[in-house]
Amino acid sequence: MELPVGQGVVVRKREYDMKLQGIAKHFPMFMRRGTQHLVVGIWRFYIGIVVRTSKIEIQGIEHIDANRMLGFWHEDSYCMQLVLREVYKKYNKHIHVIVTSERRGDYIAEMVSHYGGAPMRLPDGLKMRTFLKDLREESKKESLALAAAMDGPSGPYRKPKRLLFMLAHEAQKAIVYVRFQKKGMLTLPWRWDKYRIPLPFARMQCKIDYFGEISREELKNFDEYTKSKFGEEISEA
């Protein structure tokens, strides 16, 4: 049965609009992924320039074992790619890294994966409880090394949070502290974390300190513990 001419035009137009809506629905995602791959490609290219032109010294890399918890400041998130790269290149070790579930976390996760790391996305809202339960179980695996920004994902600046230390205590794993010297870095002072980017043709030094396991008493008195370990490096805010 054929539709009247006017009604047929309306139906065809509706079908055409639905097709356009379907394309439009996926187009932003396609564009975002394309932009993400482009940006990450630039980041990787830049890291390659830094590695080839700079002298990078990593002290204490032997402390990064398959059964350790790595803490670093959010400002050094980009610099940590150098550590992941070196660990994977020399020891073929995969480090799991806690990454925010926000959009910016997509870029970080892709970078982490490229350098032999394994991103673990930290969700928001109701999914957080399930994630933490799974994270507790995963972190207890002997073959798993886990890294996280101690003041991430959104600050306050250099104010350590309990998550990494709590996981270390429950898993009975030692904590190591990864830090970079300021020399050879470009700092972005307008960001909450004073984000730092390594510069080409520089001499950079990364120090990895062994903290050992954290006791229940130290976790209970967390402020005193962090002051004793980090001293003036932490923020009182």
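- The main-chain N or O of Trp43 is found under 3.5 Å from a side-chain atom of Tyr78 such that the two form a donor-acceptor pair.
- Note that CD1 of Ile175 is 10.5 Å distant from CG of Leu70, once rounded to the nearest 0.5 Å.
- Across every non-hydrogen atom of Met204 and Val50, the tightest pair is CE-CG1, 3.6 Å.
- Taking a 6.0 Å sphere around NZ of Lys140, one finds it holds more than 12 heavy atoms contributed by other residues, nucleotides or ligands.
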Start with the C-alpha gap between Phe72 and Cys79, add the side-chain angles, then the distance that decides, and say whether side chain to side chain contact (heavy atoms under 4.5 Å, CB included) holds.
CA-CA 10 Å; Phe72 60 94; Cys79 300; over 6 Å; no
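- With Thr53 contributing its side chain and Pro200 its backbone, the two residues share no donor-acceptor pair below 3.5 Å.
- Grouping Ile, Leu, Val, Met, Phe, Trp and Tyr by side-chain contacts under 4.5 Å, direct or through others, puts Ile49 with Phe45.
- Side-chain contact between Gln205 and Phe180 is absent, with no heavy-atom pair separated by less than 4.5 Å.
- Under the side chain to side chain contact (heavy atoms under 4.5 Å, CB included) rule, Ile234 has a single partner from Met150, Lys159, Lys227, which is Lys227.
- Under a 3.5 Å cut-off, the side chain of Ser54 and the backbone N or O of Leu199 do form a donor-acceptor pair.
- The ring-ring contact (aromatic ring centres under 6.0 Å, His included) test applied to Phe222 returns Phe165, not counting sequence neighbours.
- Between the side chains of Tyr225 and Glu217, not a single donor N or O lies within less than 3.5 Å of an accepting N or O.
- In this structure, the side chains of Ser228 and Thr226 stay at 4.5 Å or more apart for every pair of heavy atoms.
- By the 4.5 Å heavy-atom criterion applied to side chains, Tyr195 and Thr187 are not counted as neighbours.
- Going from atom CD of Glu218 over to atom CD of Glu213 covers 10.5 Å, rounded to the nearest 0.5 Å.
- With sequence neighbours left out, His94 forms a ring-ring contact (aromatic ring centres under 6.0 Å, His included) with Tyr88.
- Remark: Phe211 engages Tyr177, Phe230 in a ring-ring contact (aromatic ring centres under 6.0 Å, His included) (not counting sequence neighbours).
- One hydrophobic cluster, built from ILVMFWY side chains closer than 4.5 Å, holds both Ile56 and Leu186.
- Ala168 approaches Ile214 most closely through the heavy-atom pair CB-CG2, 4.4 Å.
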Check step by step if side chain to side chain donor-acceptor pair (under 3.5 Å) holds for Glu138 and His96.
CA-CA 10 Å; Glu138 286 291 315; His96 289 68; 5.5 Å; no
Given Arg121 and Asp106, is the side chain to side chain contact (heavy atoms under 4.5 Å, CB included) satisfied, shown in steps?
CA-CA 9 Å; Arg121 305 302 296 271; Asp106 295 343; 2.9 Å; yes
Evaluate Leu132 against Leu163 for side chain to side chain contact (heavy atoms under 4.5 Å, CB included), listing each step before the verdict.
CA-CA 9 Å; Leu132 288 179; Leu163 178 60; 3.8 Å; yes
As a quick check of understanding, evaluate side chain to side chain contact (heavy atoms under 4.5 Å, CB included) for Val87 and Ile95, giving each step before the final call.
CA-CA 8 Å; Val87 170; Ile95 298 176; 4.1 Å; yes
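- Judged purely by atom type and a 3.5 angstrom limit, Arg162 uses its side chain to pair as donor or acceptor with the backbone of Leu219.
- The side-chain hydrogen bond (donor to acceptor under 3.5 Å, both in side chains) pairs that include a residue from residues 164-175 are Asn67-Lys173, Arg136-Glu170, where partners are two or more places apart or lie in different chains.
- Between the side chain of Arg196 and the backbone N or O of Gly184 there is no donor-acceptor pair closer than 3.5 Å.
- Smallest separation of non-hydrogen atoms from Ile61 and Ile58: CB-CG2, 4.0 Å.
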Would you sort out whether Arg179 and Asp76 count as a salt bridge (Lys or Arg N to Asp or Glu O under 4.0 Å), showing the intermediate values?
CA-CA 8 Å; Arg179 57 196 173 100; Asp76 291 324; over 6 Å; no
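- The line from CE of Met166 to CZ of Arg216 is 12.0 Å long, rounded to the nearest 0.5 Å.
- Side-chain atoms of Tyr46 come within 3.5 Å of backbone atoms of Pro198 as a donor-acceptor pair (strictly under, hydrogens ignored).
- Of the candidates Lys194, Arg158, Arg191, Lys182, Arg158 is the only one forming a side-chain hydrogen bond (donor to acceptor under 3.5 Å, both in side chains) with Glu75.
- Taking every heavy atom of both residues into account, Leu146 and Leu164 meet most closely at O-CD1, 4.2 Å.
- Note that the OH atom of Tyr115 and the CE atom of Met80 stand 13.5 Å from one another [nearest 0.5 Å].
- Counting all heavy atoms, side chain and backbone alike, Asp65 lies closest to Ala145 at O-CB, 3.4 Å.
- Closest non-hydrogen pair, Ser139 versus Met69, comes out as CB-CE, 3.6 Å.
- Tyr210 is linked by a ring-ring contact (aromatic ring centres under 6.0 Å, His included) to His63, counting only residues two or more places apart in sequence or in another chain.
- Distance alone, capped at 3.5 Å, places no donor-acceptor pair between the Lys183 side chain and the Arg203 backbone.
- Within the 3.5 Å criterion, the main-chain N or O of His74 finds a donor-acceptor partner in the side chain of Asp151.
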